[in-house]
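A note on names: the letters A, B, ... follow the listed sequences, proteins ahead of strands, and every chain is numbered from 1.
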Amino acid sequence: MSYNFNDIEAKWQKYWEENQTFKASNDREKPKFYGLDMFPYPSGAGLHVGHPLGYIASDIVARFKRHQGFNVLHPQGYDSFGLPAEQYAIQTGQHPADTTQVNIEGGVDKAGDKIEGYRKQLDKIGFSFDWSREVRTSDPNYYKWTQWIFIQLFESWYDKESDKARPISDLIELFNQDGNTKVNAVCDEGVANFSAEAWQNFTEKEQQEILLQYRLTYLAETEVNWCPDLGTVLANDEIVNGVSERGGHAVVRKKMKQWSMRISAYAERLLHGLEDLDWTESLKETQRNWIGKSVGAQAQFKIQNSEFKIDVFTTRPDTIFGVTFMTLAPEHDLVAKITTPEQKEAVEDYVQATAKRSERERMADVKTISGVFTGAYAEHPFTKEAVPIWIGDYVLAGYGTGAVMAVPCGDQRDYDFAKHFNIPIKNIFKDVDISEEAHAGKDGTVIDNSDFLNGLTYKKALKTAIYELEKLGQGKGKTNYRLRDAVFSRQRYWGEPFPVYYKNGMPKMIQAQHLPIRLPEVEKYLPTQEGEPPLGRADVWAWDTQKNEVVSNELIDDKTVFSLELNTMPGWAGSSWYFFRYMENEKRDEVFASAEAMQYWQNVDLYIGGSEHATGHLLYARFWTKFLKDRNLVPVEEPFKKLINQGMILGESAFVYRVRFVNVVESTANILDEVEFNKVEIESIEEFVNKYNFKIFASKNLCKTRLYPDANFGTGQLEISSNFPLIEEILLNKFLSSEKLLKGISISVQKIHADVSLVNTSNELDIEAFKNWREEFNDAEFITEENGKYIVGREVEKMSKSKYNVVNPDDICNEYGADTLRMYEMFLGPLEQAKPWNTAGITGVHNFLKKLWKLYHNGEELSVSDDKASPESLKSLHKTIKKVTEDIEDFSFNTSISTFMICVNELAAQKCNNREILESLAILVSPYAPHIAEELWSKMGHQESIATAAYPKFEEKFLVESTKTYPVSFNGKMRFTLDLSLDLSKDEIEKAVMEDARTQKQLDGRTPKKVIIVPGKIVNIVG
RNA sequence: GCUCGGGUGGUGGAAUUGGUAGACACGUUGGACUUAAAAUCCAAUGAACAUUAGUUCGUACGGGUUCAAGUCCCGUCCCGAGUACCA
């Protein structure tokens, strides 16, 4: 019986489903292992071979852990809220819930295209997912709990004393006792002090307004990243290079009233928590940079002839005597207040000009120095000298206090600014030349011209300066974080609705027992005419506080019926806690996850996903977990113990080269006269050009000229320089009769993508298929290589539909089988590395599986004997057990595939058919190629699935060697090998080596100076 | 600019604490089987010279440490990722 993978795989996938083989129980008897993949966004494009890479890796580990006796939780679900579904809804009018369902479960979309569906595609690869615990973030039964967590955040504040989140009721109690003077909380900047009495005398509304400044999720007027094209605000991590991550749209800064998450309260814990996580250093570093802790001081400068004071943050208080000016961000509150009448116009112009610039412009143009003097002066805290106050857009409103004390001798930006505007530069570093550029003045530099800091070095001066500032009451040590509070509102339809209604303009939470608040129906998914979010179009979107249900907007009376929040939550809301949801399989209606379940599963032992989530999802999920831990809602501080980022699988794009006629010399009489179009029925150059322009394709090797990017052809297309003797010659032979015609035409070649499915493994294009691929190519002509083949060019690029380089895993499963796909994806290279997909290479692992199959068969029949295995076979097996076990633990899956290949090659050479070997081998292979392993296992007489068969135990005794093949080197160069017993002593080895004829030949009469012998390793003869 | 990775055959990639560089595959070439093709099997395959033993050069480049360096140290170049006026 030959290896009929299609039947085998279908059979076992059905078996696993029917028998619920991978259903995890919350049974506490066994040790637990929780292996998780970042759940996918179910897009309509379906899976390509890059998507399952991480899933295969985690599946191998999950299956391995089952063999080792762990109770394994390996769930899967869908992050099904998001922008693409909504954009598609806007275009087609279909409800995002419908398209999302089709994308997951399969069906036919409105365009009539058949969609296979994520689930079917995943099932085909044979994952051991426990689908009984599936989650979908857009399912009301799920987002009910997302809304519930939001309410918990609203009902909490961050107490710096106990360094954790506490219920808001505790805060109210504190306010009632002592006002806010004794409260040490993370809150908005500039909350006014009040006494207990004052608190009690505030109106209800005033109290709520104050509490809002303390809540962990709060509504506030903040400067946000507004993306006009997407019609929504974006979080910092959703912006890349000043444009939106999705679609690359422009982003501008705008003040808007928005929900925010006070993630900044957790900055220090998020930073500190990284230390104990088993994540890659680079990912931790990315998060550290994003949190951006800097330690320094806050200093206060009085403004001359004014009530106002400017607070600045600096990491270098030691350089305070070098201050020669101050710079405020143009958006700084004080700008309007301190500007002198003479400078008013210039300042206002500048402020307006900067406000107009988009983020991208501002970023693109960091080199240009700009700024304006406000006319005001501050007073230096120590020297009491007048310090001019400038504004400049190199100072960011959002960082620190939005103001800097400029020390041009020590900071290059201040230096450049000072030079540009002829502001004096004061050197406070001893024996340092600052005539060309600023000097950091840290290591070994001594401070000068600085009163009490004179003669000190950086570290000492830093402490002294802070001490003196504190003494003056004009500053203190301070730590600043780059991490900003995260904007939590989106002006979108396809997201979680907030469980919030508004009474007297103040947000009120809907009580938890009335959740979920379901998304209302709207007739269109666009913002309203008035610029409200899409939920502004809903007719039934008001909260009745008597009936506790969503009712028609017509009933709003602001007494018992109120308007509901129109924004929805961002994409990261649902993904910030889903890993806890999987733990719960029974009481999903009653709790987001039960305490018992969470106590058992704790946190994710292995999390695999893309590194693009470093500053988004992974940070937010850690934040929510810490919050939930503070409120005793979950038992753990960190959600993901170990994390691996799988590398991207790149596509190998195929290119065809299209001939384009340029610089056609029109109507040159003497050329036309002599032209004979006897090979094609053409009567003029114009006709020829019109007919064949962009219709002739030249094979790759005819176009071996340098490629130049060509702006005229849009992105991704290139033009090749225009010297093509070969093509010209062929053109002449094939289409034209006169060489002179070519003088009237010059050609260029344009490179365009061809669908990779039209190309075989030898890079030959299927010309007929290509002609039929797109209508415009139907009548194309091809100039082939001498052997008549059309060869395409290849280039490695990101896999994408628009590049026609997508390889569908379904096709690979059909042609080679899921086991081959799984093994080949692992065989490609290290999991974390980006690597190109090359379907040609797949035959290697496919052949391996065929050889594996043959090892268990003699002709058509299963051939397994109960005889004792030979020592060689046992050695091959145990070598493999050792290596593969180590490899899985190191996540080095590519090398374990090699190990299997070596093992099977050896066993085949030994003609091994012993049950004791072959059963163990089937278990070893099973995590990687589960279908063939199940089939062989059952053929060998087992009734139960192989999934929980005990992993073979490695035994050293089978590997013990008696001899070693020693490499014998002369001056470090290996010359020959010599088999010697491992029992020999150093002296005996030396004797044996020296007696060898080859040694004497190498020495050629010389006497060795030295002989290095490392028993069991090497012999090196020097001299 | 800064931070973190990385540079090994025609290709993807191996190489425990420094100890036989190129495992395992792909590709290529030659051969067997076949009317033929596919499939399968066998052999060769870092480069150059010698074509029989053998010699020399080879892990981005230049130095160094060592009996021995892809691996450790110093310098340079290149590629990738993250971040970017962060005071």
Side-chain angles (χ1 to χ4, degrees), chain A residues 2 240-242 280-290 292-294 296 312-316 319 326-327 329 362-363 365-369 392-396 398-407 410-414 416-417 480-483 611-612 614-615 645 647-648 652 761-762 794 796 824 827-830 832-845 847-848 850-851 854 883 886 890 892 894-902 905 965-977 1001 1008-1014 1016-1023:
Chain A
S2 61
V240 177
N241 294 329
T280 59
E281 200 43 48
S282 71
L283 190 74
K284 288 190 195 181
E285 194 63 21
T286 303
Q287 288 209 348
R288 282 189 202 115
N289 291 339
W290 189 261
K293 180 178 182 174
S294 46
V312 296
F313 174 74
T314 176
T315 53
R316 299 295 304 277
T319 63
M326 302 187 76
T327 316
R362 199 163 158 172
M363 282 170 65
D365 176 44
V366 295
K367 295 249 155 60
T368 317
I369 296 165
D393 69 357
Y394 80 97
V395 177
L396 302 176
Y399 184 76
T401 60
V404 299
M405 55 173 229
V407 182
D411 184 286
Q412 194 59 42
R413 290 156 309 171
D414 296 343
D416 295 340
F417 195 87
N480 216 354
Y481 299 91
R482 200 189 81 117
L483 183 69
S611 57
E612 67 274 20
T615 54
N645 294 126
M648 202 187 303
E652 268 205 315
T761 54
S762 309
R794 289 284 201 174
V796 171
Y824 185 54
F827 188 63
L828 279 175
E832 304 193 60
Q833 192 176 304
K835 54 231 164 221
W837 177 269
N838 172 12
T839 304
I842 206 168
T843 52
V845 287
N847 282 343
F848 159 76
K850 284 197 242 175
K851 280 186 210 164
K854 271 168 88 178
K883 178 81 173 112
E886 285 168 0
D890 293 343
S892 173
N894 54 328
T895 50
S896 46
I897 310 282
S898 307
T899 307
F900 285 131
M901 289 172 170
I902 294 166
N905 286 344
T965 304
Y966 279 94
V968 181
S969 301
F970 293 80
N971 297 317
K973 283 178 189 162
M974 208 282 288
R975 293 303 180 192
F976 60 88
T977 60
K1001 194 185 161 209
K1009 287 190 193 125
K1010 207 171 173 186
V1011 179
I1012 311 271
I1013 291 165
V1014 184
K1017 284 254 162 94
I1018 52 107
V1019 176
N1020 189 17
I1021 296 166
V1022 186

Would you mind telling me which of B:G13, B:A87, B:C24 lies closest to the side-chain atoms of A:I902? B:C24
The side chain of A:T843 is closest to which nucleotide in this list: B:C85, B:U20, B:G27? B:G27
Base, sugar-phosphate or nothing for A:E886? Non-hydrogen atoms, less than 4.0 Å. nothing
Where the side chain of A:D414 meets the backbone of A:V407, is there a donor-acceptor pair that is under 3.5 Å apart? yes
Residue from A:I842, A:T839, A:T843 passing side-chain contact (heavy atoms from CB on, under 4.5 Å) with A:Y824: A:I842
For A:N289, report the nucleic acid contact type (base, sugar-phosphate, nothing); a contact means any heavy atom under 4.0 Å. nothing
Expected output: side-chain A:Y966 to main-chain A:K1017 donor-acceptor under 3.5 Å: no
Strictly by Watson-Crick or wobble contacts shorter than 3.5 Å, is anything paired with B:C86, and which nucleotide is it? none
Under 4.0 Å, heavy atoms only, any strand: does A:F827 hit a base, just the sugar-phosphate, or nothing? base
What's the closest nucleotide to the A:N847 side chain, out of B:C67, B:A87, B:C26? B:C26
Would you classify A:K973 as touching base, sugar-phosphate or nothing, given that sugar-phosphate means primed atoms plus P, OP1 and OP2, and contacts are heavy atoms under 4.0 Å? sugar-phosphate
Of the listed nucleotides (B:G19, B:U40, B:A23), which one gets closest to any side-chain atom of A:K850? B:U40
Can you figure out which of B:C85, B:U40, B:U20 approaches the side chain of A:Y394 most closely? B:C85
Assign B:G9 to syn or anti; the rule is syn for a glycosidic angle within 90° of 0 and anti otherwise. syn
Would you mind telling me which of B:G19, B:U83, B:U40 lies closest to the side-chain atoms of A:R482? B:U83
Under 4.0 Å, counting only non-hydrogen atoms across every strand here, what does A:N905 touch: a base, just sugar-phosphate, or nothing? sugar-phosphate
On RNA chain B, check which nucleotide each of A:N480 and A:T615 is closest to and give me the residue with the more 5' one. A:T615
Considering every strand and a 4.0 Å limit on heavy-atom distances, what is the contact class for A:K1010: base, sugar-phosphate, or nothing? sugar-phosphate
Let's test your reading of the model: under 3.5 Å, does the base of B:U17 pair with the side chain of A:K1017 as donor and acceptor? yes
If the threshold is 4.0 Å, N to carboxylate O, is there a salt bridge linking A:K883 and A:E886? no
A:D414 near the nucleic acid: base, sugar-phosphate alone, or nothing, with a heavy-atom cut-off under 4.0 Å? nothing
